[in-house]
Student: 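The structure that follows is given in the form of structure tokens.
Naming: A, B, ... by sequence-line order, numbering from 1 per chain.
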2 protein chains.
Amino acid sequence: MDAVFKALADESRRSILDHLYTQGGKTLGELCEPFAQIMSRQAVMKHLRILEDAHLITTVWSGREKKHYLNPVPIHAIETRWIRKFEKQRIDALSALKSALEGTDTKGKKNA
Amino acid sequence: MDAVFKALADESRRSILDHLYTQGGKTLGELCEPFAQIMSRQAVMKHLRILEDAHLITTVWSGREKKHYLNPVPIHAIETRWIRKFEKQRIDALSALKSALEGTDTKGKKNA
DNA sequence: TTGACATGTAACCTTTTAGTTACATATAAT
DNA sequence: ATTATATGTAACTAAAAGGTTACATGTCAA
């Protein structure tokens with residue numbers, strides 16, 4: 001579990017997960033695009049390695065291309081560690097209320 | 001949000017959250033006890049500061065004592081970032097099945 | 001088979017982080 | 001008032017993390 005939290009600690013890696021959440025099956029090359037002029041391909045690859053080791057992403061080889069997919073299971077495990085079932089509903093209601101007051105739609109909400 | 005992930009990246013801090021999850025309202029001194037002979041009071045205080053800055057804990061002063069409480073809201077936000085509603089049920093069912101097969105009780109489950 | 005493309009590995013550098021020790025402040029008790 | 005208790009701050013050190021460049025391997029296409 002330590003690997004999961006360590007992996008999520010970096011903004012670039014969270015951004016990668018965001019991209020895979022939007023659309024799965026992306027290759028290293030495709031995942032590099034948003035980071036062009038920010039960091040090298042090798043740097044992105046290091047991040048992918050860390051995410052994969054933490055089982056936050058799953059990969060499938062297709063010829064010389066490696067496709068990446070988000071795995072939500074370890075993320076879900078984070079919540080179940082510190083939040084009791086009865087609390088979930090209260091918090092969900094709370095954030096829904098907050099969104100409503102802010103005039104934002106929960107479904108289309110952009111995350112920080 | 002970055003502060004939250006950074007805060008959760010450290011095992012000692014997660015352990016502190018575990019203690020506050022079990023029982024809230026603990027003082028710095030009390031939170032130090034499990035770490036005696038592992039790290040200094042000042043080190044624990046640094047961790048508490050980081051957790052507080054990330055709003056993962058809330059504090060209340062009572063005389064010269066500072067009481068600490070777990071705040072589950074930012075933890076819940078992690079899940080909503082990368083997990084769609086319809087997926088939650090599937091994952092919950094999956095981990096319940098896994099627990100059943102392992103012969104462990106979900107309610108009394110110890111986390112890694 | 002040769003060259004281009006896609007991914008992988010290694011050595012190195014810089015910044016961040018987790019911990020320490022020493023000193024400081026504030027509240028409670030005698 | 002004085003002392004003990006509880007928490008806070010600062011300077012420093014060692015290790016970990018994120019990034020770079022250079023080199024290596026494997027697959028596709030002409």
Student: Distance check, rounded to the nearest 0.5 Å: A:Ile75 atom CD1 versus A:Leu17 atom CG?
Tutor: 6.0 Å
Student: Could you state the atom-to-atom distance from CD of B:Glu33 to C1' of D:dT5 in whole Å?
Tutor: 14 Å
Student: In residues 21-29 of chain A, which residues come under 4.0 Å of DNA chain D by heavy atom?
Tutor: none
Student: To the nearest 0.5 Å, what is the distance between OG1 on A:Thr27 and CD on A:Glu33?
Tutor: 7.5 Å
Student: Atom CD1 of A:Ile50 to atom C1' of D:dA16: distance rounded to whole Å?
Tutor: 11 Å
Student: Determine whether any donor atom in the side chain of B:Arg64 lies under 3.5 Å from an acceptor atom in the base of D:dT7, or the reverse, and answer yes or no.
Tutor: no
Student: Quick check: closest heavy atoms across A:Pro74 and A:Met1, and the distance to 0.1 Å?
Tutor: O-CE, 3.5 Å
Student: How close do A:Ala9 and B:Ala9 get, heavy atom to heavy atom, and via which atoms?
Tutor: CB-CB, 3.6 Å
Student: Could you give the CH2-to-P distance, from A:Trp61 to D:dC28, as a whole number of Å?
Tutor: 10 Å
Student: NZ of B:Lys46 versus P of D:dA10: gap in Å, rounded?
Tutor: 12 Å
Student: Both A:Glu30 and B:Gly63 contact DNA chain C. Which one's nearest nucleotide lies toward the 5' end?
Tutor: A:Glu30
Student: Provide, to the nearest angstrom, the distance between the NZ atom belonging to B:Lys67 and the P atom belonging to D:dT7.
Tutor: 11 Å
Student: Taking CZ from B:Arg41 and C1' from D:dG8, how many angstroms apart are they, rounded to a whole number?
Tutor: 8 Å
Student: So B:Lys6, base contact, sugar-phosphate only, or nothing? Heavy-atom distance under 4.0 Å.
Tutor: sugar-phosphate
Student: Remember a base hit wins even if backbone is also touched, and classify A:Leu48 as base, sugar-phosphate or nothing at under 4.0 Å, heavy atoms.
Tutor: nothing
Student: Show the numbers, then the answer: is there a side-chain contact (heavy atoms from CB on, under 4.5 Å) between B:Lys66 and B:Leu28?
Tutor: CA-CA 7 Å; B:Lys66 194 178 186 180; B:Leu28 167 61; 5.9 Å; no
Student: Is it the case that A:Arg84 places NZ or CZ above or below the six-membered ring of B:Tyr21, under 6.0 angstrom from the centre and within 45 degrees of the axis?
Tutor: yes
Student: Write down the distance between CD (B:Gln42) and C1' (D:dA11), rounded to a whole number of angstrom.
Tutor: 13 Å
Student: How do A:Ala9 and A:Ser62 order along DNA chain D: which one's closest nucleotide is nearer the 5' end?
Tutor: A:Ala9
Student: To the nearest 0.5 Å, tell me how far A:Cys32 SG sits from A:Ile38 CD1.
Tutor: 11.0 Å
Student: Could you give me the CA-CA distance, side-chain angles and deciding distance for B:His47 and B:Leu31, then say whether side-chain contact (heavy atoms from CB on, under 4.5 Å) is met?
Tutor: CA-CA 11 Å; B:His47 286 308; B:Leu31 288 168; over 6 Å; no
Student: Near B:Lys88 NZ, under 6.0 Å, is it more than 12 heavy atoms from other residues, nucleotides or ligands?
Tutor: yes
Student: In whole angstrom, give the distance that lies between atom CG of A:Asp10 and atom C1' of D:dA16.
Tutor: 13 Å
Student: What is the 5' to 3' range of DNA chain C, first to last nucleotide, that sits under 4.0 Å from any heavy atom of chain A?
Tutor: C:dA4 to C:dT9
Student: Within 45° of the axis and under 6.0 Å from the centre of the six-membered ring of B:Phe5, does NZ or CZ of A:Arg13 qualify?
Tutor: no
Student: Given that B:Lys66 and A:Ser12 both sit by DNA chain D, which one's nearest nucleotide is further toward the 5' end?
Tutor: B:Lys66
Student: Classify the nucleic acid contact of B:Leu31 as base, sugar-phosphate or nothing, counting any heavy atom under 4.0 Å across all strands shown.
Tutor: nothing
